[in-house]
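All chains are named by letter (A, B, ...) in the order of the sequence lines, taking the proteins before the strands, and each is independently numbered beginning at 1.
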Number of protein chains: 2
Amino acid sequence: MSQMLQIYDQLREMILSLDLGPGERMTERWLEARFQGSRTPVRAALARLEGEGLVQREGRAWIVAPIDLRELEALEEFREPLEAMAVRLACARAGEADVAAIEAMLDACQPGVKREEWHRVGTDFHVEIARLSGNPFLVRAIEGVMALLSRARWLEVWTEPSREQAWAEHRRILALIRQKRAEEAAAEAVRHVRDTRDRLLRSLNEDRRGLRARGFAVVGAGAGAGAR
Amino acid sequence: MSQMLQIYDQLREMILSLDLGPGERMTERWLEARFQGSRTPVRAALARLEGEGLVQREGRAWIVAPIDLRELEALEEFREPLEAMAVRLACARAGEADVAAIEAMLDACQPGVKREEWHRVGTDFHVEIARLSGNPFLVRAIEGVMALLSRARWLEVWTEPSREQAWAEHRRILALIRQKRAEEAAAEAVRHVRDTRDRLLRSLNEDRRGLRARGFAVVGAGAGAGAR
DNA sequence: ATTGGGAAATTGGGATACCAATATGGAATA
DNA sequence: TATTCCATATTGGTATCCCAATTTCCCAAT
């Protein structure tokens with residue numbers, strides 16, 4: 001695999017795992033040393049991550065994209081019609097085997113399974129549904145959205161009942177797809193996105209102070225902006 | 001402005017204007033000479049265009065993205081819920097002044113106005129509606145979609161009545177936004193996208209032979225794939 | 001302790017150098 | 001004439017190099 005892709009994957013992982021904090025500054029030369037490649041592949045990787053919105057420019061410098069509550073709100077709003085459409089198309093195009101595979105994914109998450117796994121499956125569920133739609137643009141868009149939501153989902157406080165509710169909604173969506181009840185499935189997907197948004201934003205808003213204390217740049221909605 | 005952005009803009013324009021044909025091969029060194037910059041900014045520009053889907057890799061080489069009829073179909077499908085959502089949100093958030101500005105744009109297109117202008121306004125209409133939604137992700141997504149549709153729209157045979165129909169639909173959508181009749185506006189947007197898709201795909205399918213003869217790589221739907 | 005100013009170090013943007021891999025062209029051969 | 005095969009040119013990927021623009025940091029003046 002090309003060095004550029006290796007660096008891209010590693011850096012992306014560091015960002016998504018909060019190994020690099022939101023708002024943190026990076027220099028190309030630091031990355032060059034960190035990943036032992038020259039600046040050329042480093043810059044290519046940065047360019048790609050910038051396109052995904054995981055990295056931004058601050059003047060001439062590079063920063064890990066801060067977590068912006070207003071942006072998260074816009075993302076969930078953007079997601080809503082995508083998820084609805086994905087589910088609608090999945091009803092028309094998915095086979096029983098496809099649905100069963102996703103169901104197995106959900107089933108694998110039981111109390112006791114570790115946090116990372118819940119997090120991954122909670123993301124993949126939506127991507128896999130999008131795949132059932134057969135529309136590559138829908139897949140790409142939902143992948144992008146989930147990546148941008150991912151870090152916030154780590155920071156969210158996951159209570160037992162809220163996790164339970166999310167999974168119940170996932171199951172309900174899947175069941176409706178299986179029965180090919182497209183409009184009900186779409187409506188359920190919209191409900192799920194809205195619930196998710198409410199939980200996420202409420203949690204982050206309440207804990208904003210704590211997040212800042214942990215050194216994360218968290219901006220937007222409610223209090224003053226104060227970019228980094 | 002940085003050289004990278006200059007090269008990006010110029011190359012993008014060459015692609016969108018069909019100055020570089022779909023499927024055409026480019027070497028980095030040719031671009032370097034063509035735009036008199038070194039490979040560094042050329043490669044950065046290519047990376048960005050690749051992210052937008054206007055440029056692709058073919059093995060190790062770069063090619064202008066071919067026009068893929070199946071992809072266009074998927075794009076219109078993807079667009080549909082975006083446009084509907086944009087229109088719905090515009091109803092909730094747009095002011096009369098915003099609507100009037102877009103109306104003026106439409107009015108500027110009269111018989112006799114040149115093709116480029118119709119083409120541009122036909123694109124900008126959708127982007128501007130998305131802007132009224134206030135959601136930057138919706139704007140970016142629709143910009144991206146319209147860019148990918150743009151070349152096909154040049155190739156489409158625009159008959160007088162079809163152009164008339166498109167503008168009538170634009171006006172109807174705008175009127176419903178003005179009256180804040182969100183659901184009717186969304187339904188009209190969906191209808192418009194579907195009409196557009198039908199016109200576009202019918203036209204291109206009928207003329208596929210002619211397009212190939214003009215040296216364009218046109219793939220997908222109906223006949224054999226035959227990548228490039 | 002605070003502030004101002006300026007030299008020095010560092011940074012990102014661009015140009016160039018180098019390399020392995022691939023593509024090309026043409027001569028030798030059938 | 002058609003085909004094989006190898007020398008050569010070209011290509012994209014990477015590493016460096018150079019430069020102008022910032023940023024950093026130290027020290028003198030307040």
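Counting distance only, with no hydrogens placed and no angle test, the side-chain atoms of A:R29 and the base atoms of C:dG12 include a donor-acceptor pair under 3.5 Å. With hydrogens and angles ignored, no donor-acceptor pair closer than 3.5 Å exists between the side chain of B:R60 and the base of C:dT22.
The two residues B:M105 and B:F125 make their nearest non-hydrogen contact at CE-N, 3.5 Å.
Relative to the ring axis of B:W62, B:R57 places its NZ or CZ within 45° and under 6.0 Å from the centre.
Residue-level contact check: B:G59 touches neither bases nor backbone, having no heavy atom under 4.0 Å from any strand. Contact annotation for B:T40: base contact, defined as any heavy-atom pair under 4.0 Å involving a base atom.
Rounding to whole angstrom units, CD1 of residue A:I63 and C1' of C:dG12 are separated by 16 Å. Rounded to an integer number of Å, the gap from A:E28 CD to C:dT10 C1' is 12 Å. Protein atom CZ of A:R48 is 11 Å distant from nucleotide atom P of D:dG13, rounded to whole Å.
In terms of phosphate contacts, B:R57 brings a side-chain nitrogen or oxygen within less than 4.0 Å of OP1 or OP2 of D:dG13. Contact annotation: A:R43 side-chain N/O to C:dG13 OP1/OP2 distance is under 4.0 Å. Between B:S38 and the phosphate of C:dG14, there is no side-chain N or O to OP1/OP2 separation shorter than 4.0 Å.
Proximity note for A:T27 (side chain, C-beta onward) versus C:dG13, C:dT11, D:dT11: the nearest is C:dT11. Between D:dG12, D:dA21, D:dC18, one nucleotide has an atom nearer to the side chain of A:R39 than all others, and that is D:dC18.
In this entry D:dT30 has C:dA1 as its Watson-Crick or G-U wobble partner, both defining distances falling under 3.5 Å.
When each of A:Q36 and B:A61 is assigned the nucleotide of DNA chain D bearing its nearest heavy atom, the one mapping closer to the 5' terminus is B:A61.
Every residue was checked against the salt bridge (charged side-chain N to carboxylate O under 4.0 Å, His left out) condition with B:R48, not counting sequence neighbours, and none meets it.
The neighbour count for B:E116 CD, taken as heavy atoms of other residues, nucleotides or ligands under 6.0 Å away, is above 12.
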